[in-house]
Amino acid sequence: MYEICVEQHFDAAHFLRGYRGKCEALHGHRFRVVVRVESSVLNAIGIAYDFTELKQHLGDILTKFDHTCLN
């Protein structure tokens, strides 16, 4: 089994509706996202998946959430 892994983070805010306490107010977190791709075979040039392409796909997704309010 072959595996590649990429990790990135994004920062975003949220609030807890109906919660009685500090966390009811808007506040932020840093979210860590890990993506693992497994393959039982390698392609013609000997890789399971293009590492650069995987990083780009994850970055494209996380850009939509970075510095937003998740609610």
Side-chain angles (χ1 to χ4, degrees):
M1 184 64 62
Y2 303 96
E3 177 183 287
I4 64 169
C5 180
V6 295
E7 179 179 325
Q8 294 181 27
H9 71 270
F10 68 97
D11 299 302
H14 77 121
F15 54 91
L16 301 177
R17 291 186 179 112
Y19 180 81
R20 303 228 190 269
K22 256 179 19 175
C23 293
E24 185 176 21
L26 182 67
H27 62 281
H29 297 278
R30 174 163 284 183
F31 294 89
R32 177 176 162 241
V33 179
V34 178
V35 175
R36 284 187 175 84
V37 175
E38 292 183 356
S39 177
S40 58
V41 296
L42 300 177
N43 68 11
I45 62 170
I47 62 174
Y49 194 90
D50 188 323
F51 184 77
T52 302
E53 190 176 313
L54 185 59
K55 283 176 38 177
Q56 182 63 49
H57 287 315
L58 180 57
D60 292 344
I61 293 167
L62 297 187
T63 296
K64 298 173 185 173
F65 297 101
D66 194 39
H67 287 83
T68 64
C69 179
L70 299 176
N71 288 70

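Just so we're clear, the structure is a prediction, and the values are computed from it rather than from any experiment. Heads up: numbering here begins at 1 and tracks the sequence.
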The salt bridge (Lys or Arg N to Asp or Glu O under 4.0 Å) partners of E38 (sequence neighbours excluded) come to none
For this session: State, with a plain yes or no, whether a side-chain heavy atom of D11 is found less than 4.5 Å away from one of F31.
Result: no
Taken in chain and number order and not counting sequence neighbours, the residues that satisfy side chain to side chain contact (heavy atoms under 4.5 Å, CB included) with T63 are none
So the ring pair (Phe, Tyr, Trp, His ring centres under 6.0 Å) pairs with at least one residue in residues 43-63 (sequence neighbours excluded) are none
Sorted by chain and residue number, the salt bridge (Lys or Arg N to Asp or Glu O under 4.0 Å) partners of R20 (sequence neighbours excluded) come out as none
Contacts of N71 meeting side-chain hydrogen bond (donor to acceptor under 3.5 Å, both in side chains) (sequence neighbours excluded), chain-then-number -> none
Sequence neighbours excluded, the answer for salt bridge (Lys or Arg N to Asp or Glu O under 4.0 Å) partners of R36 is E3
Taken in chain and number order and not counting sequence neighbours, the residues that satisfy ring pair (Phe, Tyr, Trp, His ring centres under 6.0 Å) with H27 are H14, H29
Tracing side-chain contacts under 4.5 Å among Ile, Leu, Val, Met, Phe, Trp and Tyr outward from L26 reaches F15
For V33 and F10, what are the C-alpha separation, side-chain angles and deciding distance, and is it a side chain to side chain contact (heavy atoms under 4.5 Å, CB included)?
CA-CA 8 Å; V33 179; F10 68 97; 3.8 Å; yes
Grouping ILVMFWY residues whenever side-chain heavy atoms fall under 4.5 Å, the cluster of V34 otherwise contains none
Heavy-atom closest pair (L70 atom, A12 atom, distance to 0.1 Å) is CG-CB, 3.8 Å
In this structure, CG of L58 is separated from CD of Q8 (nearest 0.5 Å) by 4.0 Å
Contacts of D66 meeting salt bridge (Lys or Arg N to Asp or Glu O under 4.0 Å) (sequence neighbours excluded), chain-then-number -> none
Connected to I47, directly or through other members, by ILVMFWY side-chain contacts below 4.5 Å are I45
Sequence neighbours excluded, the answer for ring pair (Phe, Tyr, Trp, His ring centres under 6.0 Å) partners of Y2 is none
What one should report as the nearest heavy-atom pair of I61 and F65 is O-CD1, 3.4 Å
Quick test of your reading of the model: are R17 and E24 salt-bridged, counting only N-O distances below 4.0 Å? no
